[in-house]
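Counting convention: from 1, in listed order, for ligands and their atoms alike.
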Amino acid sequence: MSETFYGPDFNLLSKQDPEIAAVLLSELKRQQNNLQLIASENFTSRAVLAALGSTLSNKYAEGYPGKRYYGGCEEVDKAETIAIDRAKDLFGAEHANVQPHSGASANIAVYQAFTKPGDTVLAMSLPHGGHLTHGSKVNFSGKWFNIVSYGVRQDNELIDYDELRELAIANKPKMICSGATAYPSLIDFEKVRAICDEVGAIMWVDAAHFIGLVAGKAIPSPVPYADVVSFTTHKVLRGPRGGMILSKAEHAAAIDKAVFPGMQGGPIMSAVAGKAIALAECATPAYQKYAKDVIINAQALAAALEGEGMRAVSGGTQTHLALIDIRSTGVNGKVADERCGAAGIVLNKNSIPYDPEAPSVTSGIRVGTPATTTQGMGVEEMKTIASLIARAIKTDDAAAHAAIKSEVHALTSRFPIYQA
Ligand SMILES: *Cc1c(COP(=O)(O)O)cnc(C)c1O
């Protein structure tokens, strides 16, 4: 059945390169048979996959629609123009650049558009949920910029806006970044805007994780407040792997120049077409219901894990992901991640705020509901998943993990994805 999902081209591939064909097939089965709880992953539509596997991949299109450095761009120009228009419509944005290859690439462009190496940028601390591109010492951001980090309060594990304001006043940053990879709560964009205005900083929102919830009108949008919003298109948004940048009209030229020629060569036009398709999908009532269900499921999963004796950081979630402090189980994040993996439950270890453990070990796990919700799972399934997670974490017995894995398989079989 899995073979036929890929269609006739897969038969060609199987003959030409059985080694890689086998990888495609076993990855499809891995996605079908395990529980996918990685908060940044999703199952994109077959329409998006069709665009990704199309001849648009062959086309070089350095530049922008109507202003290319290569001939023969008339067809891909249409795709990019449609993607830009759909992005502006969906988010009510004044400008959209749909070319960044990834979220990290989009962020490089944002730094380039608004700052120079050595400038001060205020961003969320990595151990409190920030992304590598928010100033990690091993990332360009931490090497080339003077990054000042803000974090969450120890008592409520929410962003400390007082600290953020004090740091902004003391350090006069060129730019303030809000957004994170592991922050379960909503961000108060109005407060951040006021702080940016007070110190004259550019307001940058890295919405990589939650932009899909904004697209589905399930949470408030940063677009009316921010100078610039960067994001990925493959997380909750459910599009192809890639990045995108929205901005105010006054920053349009700076953003476009920073993406090309500042940071990239030719755009990946197959991905640009996939982004256009995903944006149209996001504008449907079905997607809006999906986005709300993602949050309902995340809240149900967090509550059920609390029912299993674990603790949801910041008391729960308002988004698609929950950060779970698992110290009560006596098992660290690394071991929990491995044990869940052995049981067919794919999630990741994650530092919790003020984590006493090293980032390679951690005291927590991060769970997200974008993928399982796309499969059609609901609150009842979230309760089942929480109990499977708890059982998997609390045992190191291989036979017990194998038994849980067969229960996982029974569950995922009821919510099939990518059937022929
Ligand atoms: C995922 C993520 C990124 C990076 O996206 P890639 O496509 O992996 O480069 C950037 N910022 C945040 C906040 C993210 O969550």
Side-chain angles (χ1 to χ4, degrees), residues 36-42 44 48 52 97-114 121-136 138-142 145 147 149-152 159 175-187 189 192 203-215 219 221-223 226 228-246 258-259 263-264 267-268 270-272 274-275 278 294 298 317 319-323 347-351 359 366-371:
Q36 309 298 339
L37 299 176
I38 306 263
S40 47
E41 291 182 358
N42 211 333
T44 197
V48 168
L52 292 178
N97 186 306
V98 299
Q99 293 193 1
H101 299 334
S102 68
S105 303
N107 291 353
I108 295 173
V110 169
Y111 279 97
Q112 204 184 175
F114 298 106
V121 175
L122 197 51
M124 183 111 168
S125 136
L126 265 68
H128 290 196
H131 186 256
L132 279 172
T133 53
H134 301 171
S136 160
V138 296
N139 183 264
F140 78 91
S141 54
F145 296 91
I147 304 278
S149 299
Y150 62 89
V152 299
I159 291 173
M175 186 160 77
I176 298 178
C177 172
S178 12
T181 63
Y183 185 66
S185 298
L186 300 179
I187 297 168
F189 301 120
V192 178
M203 179 175 171
W204 164 31
V205 176
D206 180 351
H209 255 273
F210 60 80
I211 193 72
L213 301 175
V214 174
I219 64 170
S221 172
V223 172
V228 60
V229 179
S230 63
F231 54 91
T232 56
T233 49
H234 49 272
K235 297 181 182 175
V236 189
L237 192 82
R238 212 162 62 183
R241 293 203 75 79
M244 209 180 280
I245 303 174
L246 307 173
V259 173
M263 186 256 324
Q264 281 179 184
I268 302 172
S270 48
V272 168
K275 289 171 193 175
V294 164
T317 178
T319 64
H320 60 295
L321 68 87
L323 203 52
L347 44 72
N348 61 282
K349 66 172 183 270
N350 213 106
S351 294
R366 187 184 69 162
V367 289
T369 51

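Remark: ligand 1 atoms within the under-4.0 Å shell around heavy atoms of His234 are 7 (O). Heavy-atom contacts of Thr181 reach the following atoms of ligand 1: 12 (C), 13 (C), 14 (C), 15 (O) (cutoff under 4.0 Å). For ligand 1 and Ser102, the ligand atoms under 4.0 Å from any heavy atom of the residue are 7 (O), 9 (O). Shown in contact with Thr232 at under 4.0 Å from a heavy atom are these atoms of ligand 1, numbered in order with element: 5 (O), 7 (O). Taking a cut-off of under 4.0 Å to the non-hydrogen atoms of Asp206, the atoms of ligand 1 that pass are 10 (C), 11 (N), 12 (C), 13 (C). Close approach of ligand 1 to Ala104 is summarised as follows: ligand atoms under 4.0 Å from at least one heavy atom of the residue are 4 (C), 5 (O), 6 (P), 9 (O). Within ligand 1, the atoms closer than 4.0 Å to a non-hydrogen atom of Ala180 are 13 (C), numbered from 1 in the order shown. Heavy-atom contacts of Asn107 reach the following atoms of ligand 1: 10 (C), 11 (N) (cutoff under 4.0 Å).
The side-chain heavy atoms of Met203 and Phe189, taken from C-beta on, include a pair separated by under 4.5 Å. Contact check for Ile187 versus Pro222: no side-chain heavy atoms found under the 4.5 Å cut-off. Residues Ile268 and His101 have side chains in contact (heavy-atom distance under 4.5 Å, counting atoms from C-beta outward). Put simply, the side chain of Arg238 does not reach to within 4.5 Å of the side chain of Pro370, judged on heavy atoms. A 4.5 Å side-chain heavy-atom check between Trp204 and Val229 finds every atom pair outside the cut-off. For the pair Thr232/Met244, no side-chain contact is recorded, criterion being any heavy-atom separation below 4.5 Å from C-beta on.
Nearest protein heavy-atom neighbour of atom 3 (C) of ligand 1: His131 NE2, 3.3 Å. Looking only at protein heavy atoms, the nearest one to atom 7 (O) of ligand 1 is Gly103 N, 2.9 Å.
In terms of polar-atom proximity, Ser105 is not counted as a contact of ligand 1, lacking any N or O under 3.5 Å from an N or O of the ligand. Considering backbone and side-chain atoms together, Ala208 places no N or O closer than 3.5 Å to any N or O of ligand 1. Looking at ligand 1, you won't find any N or O of Gly242 less than 3.5 Å from one of its N or O atoms.
Proximity of Leu132 to ligand 1, defined as any heavy-atom pair under 4.0 Å, is not found for any part of the residue.
Note on ligand 1: Gly179 sits outside its first shell, no heavy atom being nearer than 4.0 Å.
A side-chain donor from one of Asp206 and His134 sits under 3.5 Å from a side-chain acceptor of the other. Thr133 and Asn139 share no donor-acceptor pair across their side chains, judged by distance under 3.5 Å alone.
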Next item on the list: Give the intermediate values and the outcome of ring pair (Phe, Tyr, Trp, His ring centres under 6.0 Å) for residues Tyr111 and Phe140.
Entry: CA-CA 10 Å; Tyr111 279 97; Phe140 78 91; 5.3 Å; yes
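Here the closest heavy-atom approach between residue Gly135 and residue Ile147 is recorded as CA-CG1, 3.6 Å.
With atom 2 (C) of ligand 1 as the reference point, the heavy atom nearest to it among Arg241, His209, Lys235 is part of Lys235.
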